[in-house]
Structures are given as C-alpha cells and as structure tokens.
Amino acid sequence: MSTEADARTAAPQCPVAFPLRRPGRPFPPPEYATYRGGAGLVRSELPSGPVWLVTRHEDVRAVLTDPRISADPSKPGFPKAGRTGGAPSQYEVPGWFVAMDPPEHGRFRKTLIPEFTVRKVRELRPVIQQIVDERIDAMLAAGTSADLVESFALPVPSLVISSLLGVPKVDRDFFEDRTRVLVRLSSTDEERDKATQALLRYLGRLIQIKQRRPGDDLISRLIAAGTLSRQELSGVAMLLLIAGHETTANNIGLGVVQLLTNPRWIGDDRIVEELLRYYSVADLVAFRVAVEDVEIGGQLIRAGEGIVPLIAAANHDATAFAAPSEFDPERSARSHVAFGYGVHQCLGQNLVREEMDIAYRTLFARIPSLTLAVPVEELPLKYDGVLFGLHELPVTWK
Amino acid sequence: MRITVDPGRCVGAGQCVLTAPDLFDQDDDGLVTVLAGAADAADPGDVRDAAALCPSGAISVAAD
C-alpha cells in the first residue's frame with residue numbers, strides 16, 4: 001500500500017472476510033448491502049492477495065466493460081478463488097477464452113457466436129423439450145419421490161449441452177464428476193489438474209473420432225470450419241461443457257423451489273429473468289485485475305490490484321432494482337448482470353433462458369402435485385463453490 | 001433517431017434481438033444488423049433498452 005496522502009488510495013475500511021456465506025435461499029450475504037450503502041468498493045483478502053470487492057450495479061458494469069481491466073489470470077495480481085491460492089489449471093488450457101482479453105478473446109468468441117444466436121437457440125427447443133420430457137418420464141416411472149437435482153435439474157442442461165456438442169450421453173457421469181471438482185473452492189491444485197487433464201484427454205479422443213466420422217454437432221462443425229487447432233478445440237469444448245451444465249442446473253433447482261413456495265407464478269413467462277436476477281448463482285465467477293490505474297465508483301484502483309465484481313451484490317442493488325429482496329417477476333429485471341456484462345457476457349445465456357422456461361413449464365404441467373419432501377429451510381445449499389445452488393432437492397408427488 | 005450498430009464490437013449476445021425483434025437481427029455470423037426500413041418505426045424506448053442491454057456497446061442511438 002502506498003503511503004502517499006491520497007485519500008482515495010486508502011482502504012475505506014479494514015479488509016473484510018471473503019467469500020462470505022450466503023445466509024440462506026436466496027439472499028446474498030447481508031454484508032453486500034452494507035458495502036453497497038457505504039463505499040461501494042471494499043478491500044478484502046484472498047489467499048492470492050488483496051482484492052477489491054465491487055458491489056454496486058453501476059460499478060460492476062463499469063468493471064466488466066473497462067478495457068483497462070483484464071480477465072487474463074496470467075496478469076500480475078490476478079485474484080484466485082481457490083483456498084490454496086494456486087492457479088486454477090483450467091485457465092491455462094488453450095482455447096479457454098473466458099480468461100482472454102480482446103483481441104485474442106474475439107477470435108474464439110466469434111467462432112462460436114453463430115452456434116448461439118437467438119434463432120439457433122430457438123431451433124433447439126424441440127431437443128430441449130424431448131430431454132425434459134424423457135427425464136420426467138423416468139422420474140414418474142421410478143416412483144413418487146425423487147431428488148430433483150439428481151433426476152432433473154442436473155441431467156437436463158447436461159444432456160442439452162452434450163447433445164449440442166455431440167458428446168455421448170453415456171459419458172455424462174464422467175464429465176459431471178470432473179466439473180464438480182473444478183467448481184469446488186476446496187479442491188486442491190492437484191485435484192483440479194487431474195480433472196482438467198482427464199477432460200482434455202477425453203475430448204481429444206472425441207475430436208479424433210469426429211474427424212473421421214463427423215456428426216451434426218457443434219464439435220464437428222468447428223472441426224469443419226478449421227479455424228481452431230485441435231488443442232484449442234479441446235479447450236473450447238471443455239469450457240462449453242463445464243459452463244453449460246452446472247450453472248443452469250443450479251438455476252433450475254432453485255427456480256423450482258421458488259415456484260413451489262410461490263405457486264402463483266407457475267406458468268408465468270416472466271419468471272426466468274427475475275429468477276436469474278434473484279438467485280445470481282454465479283456470484284463469484286468474474287474475477288479481474290487492473291492493468292492500468294482506473295477509477296471505479298470514485299475509488300482509485302491501482303494497476304496490478306485484483307478486482308471481484310460481485311454479481312449478486314449488483315443484482316440486489318436497490319438503485320437498479322426496487323425492493324431487490326422481493327421476488328417480483330413483474331419488474332423489469334433484464335438489466336441484471338447474472339450473465340456478466342461486457343465482451344465476456346455469457347455466450348449461452350439464451351440457451352439457459354430456453355432451458356429454464358421449458359423445464360418449469362413442463363415439470364409443473366406434467367406433475368401438478370409436485371411438493372417439497374423436506375421443509376424449505378432444510379434444503380442443503382451449496383456454500384463451497386463459485387456457484388450457488390442446491391446439493392439436493394427432495395420432492396414427492398401423488 | 002439515428003441507430004448505429006458496430007458488428008466489429010458485437011459479441012453476439014442477442015439482447016437487441018430479444019428486446020426489439022422488429023428492428024435488430026443477427027446475420028450469418030451471429031453479429032448485429034439493423035433490419036432495413038425498421039428504424040423509422042422503432043419504439044424509442046425499446047431502442048434505448050437494446051443499447052443499454054448490449055454488453056459490448058455495439059449499439060449507439062443519437063437524436064436526429
């Protein structure tokens with residue numbers, strides 16, 4: 001810390017604890033409101049070093065769009081989420097374009113954009129619908145109770161992204177297990193490395209197979225386009241596979257709980273956007289570092305200082321969303337940053353919207369007697385991860 | 001109202017298409033285009049929303 005008498009460089013308060021535990025469904029840590037109402041930016045400490053936590057909607061959008069702020073973990077001072085403070089090895093995977101800045105980032109993003117346009121995603125509706133129906137058929141055939149995470153919320157997005165990529169669905173357990181290691185904060189560097197290498201080996205073999213026998217799938221189309229090396233292709237496929245299921249699964253599970261406890265909203269087509277804002281499951285995914293001095297929300301951030309824009313804090317900022325703790329699908333929630341903002345805004349966001357919409361509609365239409373099997377307070381919430389969600393969702397039906 | 005789009009900045013999020021589907025579209029590369037003749041009839045509120053929701057700043061709106 002510099003000793004010069006510039007008030008703006010002084011930390012507004014002592015370093016605060018981080019990551020903070022969410023007190024329950026759905027609310028962000030109450031400290032977020034305190035920070036937002038105070039300096040907006042607060043100093044915290046990760047194993048990798050000090051960081052700025054950014055809490056206001058306007059400031060989070062400013063961080064995510066400022067070209068002087070980098071998403072590249074190889075830049076000095078980049079914060080690491082893991083408890084060990086080691087570099088998450090998946091960041092070093094070729095083609096891992098969420099960890100790249102423009103113009104390098106654009107080369108990968110542009111290759112994938114045509115696969116995720118609004119029109120392309122709408123064309124996937126019948127595929128999503130069939131997957132959702134099959135999962136419900138299986139639940140109904142198995143009895144009158146289930147863990148909805150295991151039997152529905154996780155397999156639906158997992159099967160959708162597998163189908164889109166052309167990954168055989170029999171391998172679902174394999175990549176779900178590895179993904180779980182990668183999103184768990186407590187995973188060691190060795191565990192992360194092992195999971196990353198296993199996924200890359202698997203996808204490398206799959207790409208080899210598709211080079212010989214192309215299918216009607218994204219990986220085959222990327223091979224045919226010929227713009228990415230095989231290593232880059234494996235990395236891109238791994239990124240889509242991981243990003244495409246665990247996030248959406250948490251959204252689907254929490255959304256089902258929300259609708260079970262607020263059944264008046266079942267069937268309303270405005271719920272998806274509000275659910276995305278309300279739960280903000282990916283609160284901690286957008287880590288950044290300043291590569292030049294930059295002022296955000298009146299605070300000077302020095303080059304080399306780590307920045308964590310808190311997605312859930314921004315999405316519960318009363319200056320952007322009136323009565324933010326209320327679940328109110330009638331509000332205009334679309335300016336939420338649940339998918340981030342700036343050039344890295346989630347490529348698959350419209351696919352997520354379709355999956356959530358079809359999942360809720362179909363589930364409650366086909367199983368109208370669906371109820372929670374345990375009190376809502378007893379649902380096991382995920383605290384040990386960069387993603388918020390439910391470990392289990394026990395339900396019953398008649 | 002003058003609507004300018006910059007496909008070079010576009011990251012294909014499609015938020016403009018969701019906001020004002022009669023005005024914006026995505027081309028074969030998935031990048032933003034303004035539908036011919038649609039700008040005159042566009043709702044100024046939708047246009048402003050589309051510009052504000054665009055994550056990459058690819059849409060600009062100026063008064064005539």
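In what follows, chains are A, B, ... by sequence order, proteins preceding strands, each numbered from 1. Hydrogens, waters and symmetry mates play no part in the numbers below; they use all other heavy atoms, side chains included.
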Side chain, backbone, both or neither of R334(A) within contact of chain B (heavy atoms, under 4.5 Å):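 Both parts, backbone and side chain.
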Residue T65(A) versus chain B: region with a heavy atom under 4.5 Å: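 Only the side chain of T65(A) comes within 4.5 Å of chain B.
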Using a distance-only test with no angle check, is there a side-chain donor-acceptor pair under 3.5 angstrom linking Q15(B) and Q345(A)?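 Side chains of Q15(B) and Q345(A): no pair found under 3.5 Å.
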Keeping the roles fixed (side chain from [X], backbone from [Y]), state whether a donor-acceptor pair exists under 3.5 Å.
X	Y	value
N350(A)	A13(B)	yes
Y341(A)	S56(B)	no
Q26(B)	R119(A)	no

Under the side chain to side chain contact (heavy atoms under 4.5 Å, CB included) criterion, do I113(A) and L31(B) qualify, and how do the steps go? CA-CA 8 Å; I113(A) 289 171; L31(B) 303 178; 3.9 Å; yes
Part of D25(B) lying under 4.5 Å from any heavy atom of chain A: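 Just its side chain gets close to chain A.
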Looking at CG of D49(B) and OG of S332(A), how far apart are the two atoms once the value is rounded to the nearest 0.5 Å?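 Rounded to the nearest 0.5 Å, the CG-OG separation comes to 6.5 Å.
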As an exercise, state the distance from CG of L18(B) to CD of Q349(A), rounded to the nearest 0.5 Å.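 Separation between the atoms: 7.5 Å.
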Tell me, yes or no, whether the heavy-atom count around Q129(A) atom CD, taken from other residues, nucleotides or ligands under 6.0 Å, exceeds 12.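 Correct, the count exceeds 12.
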Begin with the C-alpha distance, continue with both residues' side-chain angles, and end with the deciding distance and a verdict on side chain to side chain contact (heavy atoms under 4.5 Å, CB included) for V11(B) and K110(A). CA-CA 7 Å; V11(B) 294; K110(A) 285 203 160 71; over 6 Å; no
Side chain proximity check, P114(A) to D28(B), heavy atoms < 4.5 angstrom: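 No, their side chains stay 4.5 Å or more apart.
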